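Let me begin by presenting the structure, written as structure tokens, before commenting on it.
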Amino acid sequence: MRQKGITLIETLLVVALTVVVFLVGSCVMDPERVAQRAAEEAAEKKAVEARRQAELKPRKISEADGCEVWAFNPGQRWQYFTRCGSKTETKTTWEECRTVTSGKTSRTECTPHSATVTNEPKDAQ
């Protein structure tokens with residue numbers, strides 16, 4: 001003979017079904033929100049690409065005593081050069097790192113490097 005009322009299993013099934021219905025209902029997004037989010041992501045991607053393109057072109061970042069400092073980023077690191085009168089000097093700095101193992105421990109050692117190239121017009125020599 002079955003008792004009247006709701007059993008524990010029936011109560012749990014009702015609660016679980018209610019939770020599932022709530023979660024499914026909250027996952028469905030408004031099409032206007034989806035379109036707005038897609039437009040925002042496209043605008044953000046376009047802005048990042050515009051900044052990247054702007055970094056490729058040299059731009060003057062400082063000037064002192066008749067010398068200009070210019071910078072641009074063609075890849076992974078910034079490149080800097082100076083113009084003093086008709087002379088142009090380009091300086092590139094970078095680090096080379098390697099892992100050194102001693103027994104069971106290892107550490108990273110980095111060595112800084114730099115290269116400077118000076119260009120002067122042919123008629124100034």
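Note that the coordinates shown come from a computational prediction; the quantities given were computed from them, not determined experimentally.
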Query raised in the report: Under 6.0 Å from the CD atom of E109, do we count more than 12 heavy atoms belonging to anything else shown?
Result: yes
Report summary line: Separation between CD (Q53) and CZ (R51), nearest 0.5 Å, reads 12.5 Å
Query raised in the report: Any salt bridge between K45 and E41, counting N to O under 4.0 Å?
Result: no
**Report entry** Over all atoms of both residues, closest heavy-atom pair of A54 and R59
**Finding:** O-NH1, 4.3 Å
Report summary line: Value for CD (E40) from CZ (R33), rounded to nearest 0.5 Å, stands at 10.0 Å
**Report entry** same_hphob_cluster(F72, W70) at 4.5 Å side-chain heavy-atom cutoff
**Finding:** yes
Query raised in the report: Nearest 0.5 Å, what's the CG-OG1 distance between L13 and T18?
Result: 10.5 Å
Query raised in the report: Between R52 and E49, is the closest basic N to carboxylate O distance under 4.0 Å?
Result: no
Query raised in the report: Does the side chain of R37 reach to within under 4.5 Å of the side chain of V34, using non-hydrogen atoms?
Result: no
Query raised in the report: Considering residues, nucleotides and ligands other than I9, do more than 12 of their heavy atoms fall under 6.0 Å from its CD1?
Result: no
**Report entry** Heavy-atom closest pair, residues C110 and P112
**Finding:** O-CD, 3.9 Å
Report summary line: Between the SG atom in C67 and the CZ atom in R83, the distance rounded to the nearest 0.5 Å is 12.0 Å
Query raised in the report: So, T92 versus Q79: side-chain donor-acceptor pair below 3.5 Å or not?
Result: yes
Query raised in the report: Once you round to the nearest 0.5 Å, how far does CD of E63 lie from SG of C84?
Result: 10.0 Å
Query raised in the report: For T99 and T108, which heavy atoms make the closest approach, and how far apart are they?
Result: OG1-OG1, 4.2 Å
Query raised in the report: Is I61 linked to F81 within one hydrophobic cluster, defined over Ile, Leu, Val, Met, Phe, Trp and Tyr using a side-chain heavy-atom separation of less than 4.5 Å?
Result: no
Requested in this report: Tell me, with the steps shown, if H113 and W94 meet side chain to side chain contact (heavy atoms under 4.5 Å, CB included).
Outcome: CA-CA 5 Å; H113 296 279; W94 70 95; 3.4 Å; yes
